[in-house]
2 protein chains.
Amino acid sequence: MVDDDRHLRAVTDPGGGQADPAAELPAVDGRVPGRRGQATRRKLLDCTKEMLDQGSYRDLKVVDIARRAGTSPATFYQYFPDVEAAVLVLAEEVAVRATQLTELVDGEWKGRGGVDTARRLVRGFLDYWEDNRPVLRVVELATEEGDLRFRNLRVRSLNAVTRALSEVVGQFQRNASVPSEIDPMATAGVLVAMLAHTAAHRYGFEFWGIRRDALEASLSRTVYWTVTGQKQ
Amino acid sequence: MVDDDRHLRAVTDPGGGQADPAAELPAVDGRVPGRRGQATRRKLLDCTKEMLDQGSYRDLKVVDIARRAGTSPATFYQYFPDVEAAVLVLAEEVAVRATQLTELVDGEWKGRGGVDTARRLVRGFLDYWEDNRPVLRVVELATEEGDLRFRNLRVRSLNAVTRALSEVVGQFQRNASVPSEIDPMATAGVLVAMLAHTAAHRYGFEFWGIRRDALEASLSRTVYWTVTGQKQ
DNA sequence: CCCCGATCTGACACGGCGTCATGACCCTAG
DNA sequence: CTAGGGTCATGACGCCGTGTCAGATCGGGG
């Protein structure tokens, strides 16, 4: 109980390493690891990811990660307070890549080009999810379980796209194409929810014999209409 | 290892109790419990639900359920092979209530009435989720983790609504309101995904200051347009 | 080649899991 | 009302993963 502030210290006491905000200052027990330490830390992270690619989050044990990394469980705890913490770092890395989605919203939405923009956005979402499925699965999961760390992460990564989309909706609203009583942010949020959930459950759709083309088409159509308020 | 067929037996050997398909023949070790047994089983289920209402699924321990029910852990294992099994029964009960959603699709979709039908469907979804949030959370969770039992359950409950919606889309397609190259089932699936995900993350939306009214409005608008292919 | 901090790990206490054998309970036939 | 037999509950146990030490090991600068 006396040592209960270890994790806290790791967070509150940057130990002078705060200079580089990009490198998640990895906390051992308050110190910043050297070259060798960094390597093991990375190896542990990689192994965590590999395990996640294979089995479920629920069955992700520290022992297994350690074994796969060829170290002892104790070593794992040297770098992360628990499994969640390790996964959180992975999630952070994935969240950064979500910015690529925001860029897809920047494009022509008026007229025929709008359909293409919508389609590109849809493709981007499906691809992004495909590339990072295992980690995103956990983010979704942990968020739903009420974990604030993951929730904030999720909000941060989807916030940008949502705001961008909401912006576009707002334009078409001033245009009188979208009814004035509609809340642009709500609309954008709902669309993002649709994209995220569809992407997450894609293989569930294929189970019903629905191919990716058809999915893209339906999603694009709905996105385009909802955003622009216009028939394509 | 000789006894490894215990659970199997529970499933494959109805023991003559198959007459009532509504009563999930509860398996102890192959026998069907009597009055007292039924009672404890129910109590365990109820306590499981209560625990689920409070804490996360990950932290749901057999010990805690048993303690709350005022029995020993061993008793729990008399009725369920593991925690998942108990939750699955609860999920089954919730899934049955999903039929109420299908009924909401039956209604006038043409003209002004269609907007109301869409709105009622949206409301139904949000309410259904609100009423059964904790259990549905686990269904979503377990499905995403690849658990087939939960996945099938999820498919079964959402399948009905999706098919019904797809039916309506098909009508408007023959009407030439919806483009012929669109797959009705894909479209319906995408809409259901949107509704489910939005309902599941509703409190995430409120965090952004988006009220339920706005959410309903945006959802209804998108549903109506996508289904009917017509401006409201 | 030695030294010292950085890094790793064996050993341990703890707690939940799942499984028995056994005992308590209840109902009913005699 | 009481013994017998099935129903139900549980104490006790072995197993395994967690998280935490103290102490062993490593490896690069002096």
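Throughout, protein chains are lettered first and strands after them, A, B, ... in sequence-line order, and every chain is numbered starting at 1. What you see is a predicted model; the values in this text were computed from it and never measured.
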**Request:** Indicate the ring-plane relationship of A:W208 and A:F205, choosing parallel, tilted or perpendicular according to the 30° and 60° boundaries.
**Result:** perpendicular

**Request:** Grab the CZ-P distance between A:F80 and C:dC8 for me, whole Å please.
**Result:** 12 Å

**Prompt:** Quick one: which of D:dT10, C:dT19, D:dT18 gets closest to the side chain of B:Y77?
**Reply:** C:dT19

**Request:** Mind calculating the distance between CD (A:E84) and P (D:dT18) to the nearest angstrom?
**Result:** 13 Å

**Asked** Shortest non-hydrogen contact from A:R120 to A:L104?
**Response** O-CD1, 3.7 Å

**Prompt:** Just how far is it from atom OH of A:Y128 to atom CG of A:L101, taken to the nearest 0.5 Å?
**Reply:** 6.5 Å

**Request:** Give a yes/no verdict on a cation-pi contact between A:R133 and A:Y203, requiring under 6.0 Å between NZ or CZ and the six-membered ring centre and an angle within 45° of the axis.
**Result:** no

**Asked** Starting at CG of A:D64 and ending at C1' of D:dG17, how long is that distance when rounded to a whole Å?
**Response** 9 Å

**Prompt:** Within the structure shown, what part of the strands sits under 4.0 Å from A:Y79 by heavy-atom distance: base, sugar-phosphate, or nothing?
**Reply:** sugar-phosphate

**Message:** Strictly below 4.0 Å: does B:S72 bring a side-chain N or O up to OP1 or OP2 of D:dA9?
**Reply:** no

**Item:** Length of the CD-P vector between A:Q78 and D:dC21, whole Å
**Value:** 12 Å

**Message:** On DNA chain C, compare the nucleotides closest to B:V63 and A:T71; which residue's is nearer the 5' end?
**Reply:** A:T71

**B:A74, nearest nucleotide to its side chain (from D:dT10, C:dG18, D:dT20)** = D:dT10

**Request:** Give the rounded distance in Å between these two atoms: CZ of A:F76 and P of C:dG10.
**Result:** 18 Å

**Message:** Taking A:R123 first and then A:D127, would you say they form a salt bridge - that is, a charged N and a carboxylate O separated by under 4.0 Å?
**Reply:** no

**Asked** What integer distance in Å separates A:L44:CG from C:dC8:P?
**Response** 9 Å

**Message:** By nearest heavy atom, map B:P73 and B:R36 onto DNA chain C; which one lands nearer the 5' end?
**Reply:** B:P73

**Asked** What distance do A:E145 atom CD and A:E140 atom CD have between them, rounded to the nearest 0.5 Å?
**Response** 12.0 Å

**Message:** Once rounded to the nearest 0.5 Å, what's the spacing between atom CD of A:E50 and atom NZ of A:K43?
**Reply:** 9.0 Å

**Message:** Heavy atoms within less than 4.0 Å of DNA chain C: which residues of residues 45-62 of chain A have one? Give them sorted by number.
**Reply:** none

**Message:** Please determine whether a side-chain nitrogen or oxygen atom of B:T40 lies at a distance below 4.0 Å from atom OP1 or OP2 of D:dA9.
**Reply:** yes

